[in-house]
Amino acid sequence: MDHVVVIGAGQAGASCVAKLRNGGFEGQVTLVGAEPVPPYQRPPLSKAYLMGDMPLERLFLRPEAFYVDQSIDLRLGTEVTGIDTDAQSVTVDGDVLTYSDLVLATGSVPRHLPATIGGDLHGVFVVRDLSDVDAMAPRFTSGARVLIVGGGYIGLEAASVASKLGLQVVLVEMADRILQRVAAPETSDFFRTLHREHGVDIREGVGLDHLTGDGAVSGAVLSDGTSLDLDFVIVGVGIAPGTALAEAAGIEIDNGIATDTQGRTSAPHVWAAGDCASFPYRGGRIRLESVPNAIDQAECVAENILGAGKDYAARPWFWSDQYDVKLQIAGLNTGYDRVVTRDGGRAKSFWYYQGDTLLAVDAANDPRGYMIGKRLIEAGKSPDADVIADPSSDLKALLK
């Protein structure tokens, strides 16, 4: 009997098993997750859930009854200790499961601070899993002092919540500016101003030298020699693809688990999707860390297990919520050589060009700019930059 085993009960894994059943797969389906709770949304963890605005049940992608109704064997709180690609089997908590197809949706793992600089002190947190946020949430009390290490979107979202709840927030970013790895200086400037207006002490070009404390963190020494007294620390210095199981099984790794255009790995009958997987894109190879990619790629893999023979067509988009600002991003800005700003007052967007080619859009409180930019990028259309820069121009007319 056909048996599809999916390792990783996050957004990609949950999307894959649902698509298999929706597509008519009648064989056995097993979804294996390391966490003790059903698949849930991760983005709200550092936003609405941490704020206390979203209860646990609303995090779940589907009720637990869904998996029972769809005859999906949901194994939670379990550890996969090995994959045997020759025998087409996986070892799960000591049980050996054979598979006709295996999907690796192992996600990503947060980067931690080294123990040598105090990364193992009590009160030092990362923001990745439900357990991480549940552990730090009680510390979000008015007046508490928090150091956030890293000025990417995770760090900025955590800073937003902390500031709104009345904490004293210092954020350090070792690079010259926040968001340097992912956004243009114009976007960095926008969010730096936003956070400083809300009382966040942003320090750029400053790293963490070491944390101090006897068992629990109580302070930090920064790279410029400054000392801080602290109650806790949040580390947002990036994530790495979850490749350990695949690597141990001899599956090819290249910026994640390497897949072909349809989601196959180097091992027969083994597929990969989501944060852990890299795939061919415009003559290169990329890995996308986003919910839309996890869903679309996992559904494409499910269709291909069912015989669709379909190439994955990535349409990158992302979002971030900070204070009353919703940032929506369409496209990938890699290779841009200029940025065009469209300033509509409260709505502002930054349009990335390479020559005359539109690559991406960062839209802050500008849903119209985002949607039109996304449609233009997906259609391969590049409007004249002067039209974009003029806030009185009719963006919708560009779609005709």
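Every heavy atom of this structure was used, including side-chain atoms; hydrogens, water molecules and symmetry mates were not.
Closest of all the heavy-atom pairs between L228 and V170 is CD1-CG1, 4.0 Å. Counting all heavy atoms, side chain and backbone alike, L104 lies closest to A246 at CD1-CB, 3.9 Å. Taking each heavy atom of D324 and R346 in turn, the nearest pair found is O-NH2, 3.4 Å.
Under a cut-off of 6.0 angstrom, the local environment of CG in D356 is sparse, with at most 12 non-hydrogen atoms contributed by other residues, nucleotides or ligands. Atom CZ of R368 sits in a sparse spot, with 12 or fewer heavy atoms from other residues, nucleotides or ligands closer than 6.0 Å. Environment of CG in D95: crowded, with over 12 heavy atoms of neighbouring residues, nucleotides or ligands closer than 6.0 Å. Residue R139 qualifies as enclosed at atom CZ: its count of foreign heavy atoms under 6.0 Å is above 12. Annotation: M174, atom CE; neighbour count of heavy atoms from other residues, nucleotides and ligands within 6.0 Å does not exceed 12.
For S392, the side chain to side chain donor-acceptor pair (under 3.5 Å) partners are D390, not counting sequence neighbours.
Using a 3.5 Å distance cut-off with no hydrogens or angles, the side chains of S349 and R342 do not pair a donor with an acceptor. For R42 and Y40, the side-chain atoms include at least one donor-acceptor pair closer than 3.5 Å. A donor atom on one side chain and an acceptor atom on the other are not found under 3.5 Å apart for H3 and T98.
Ring planes of H195 and Y323: perpendicular class, angle over 60° (limits at 30 and 60°).
Between Y353 and Y336, the distance separating the two ring centers is not shorter than 6.0 angstrom.
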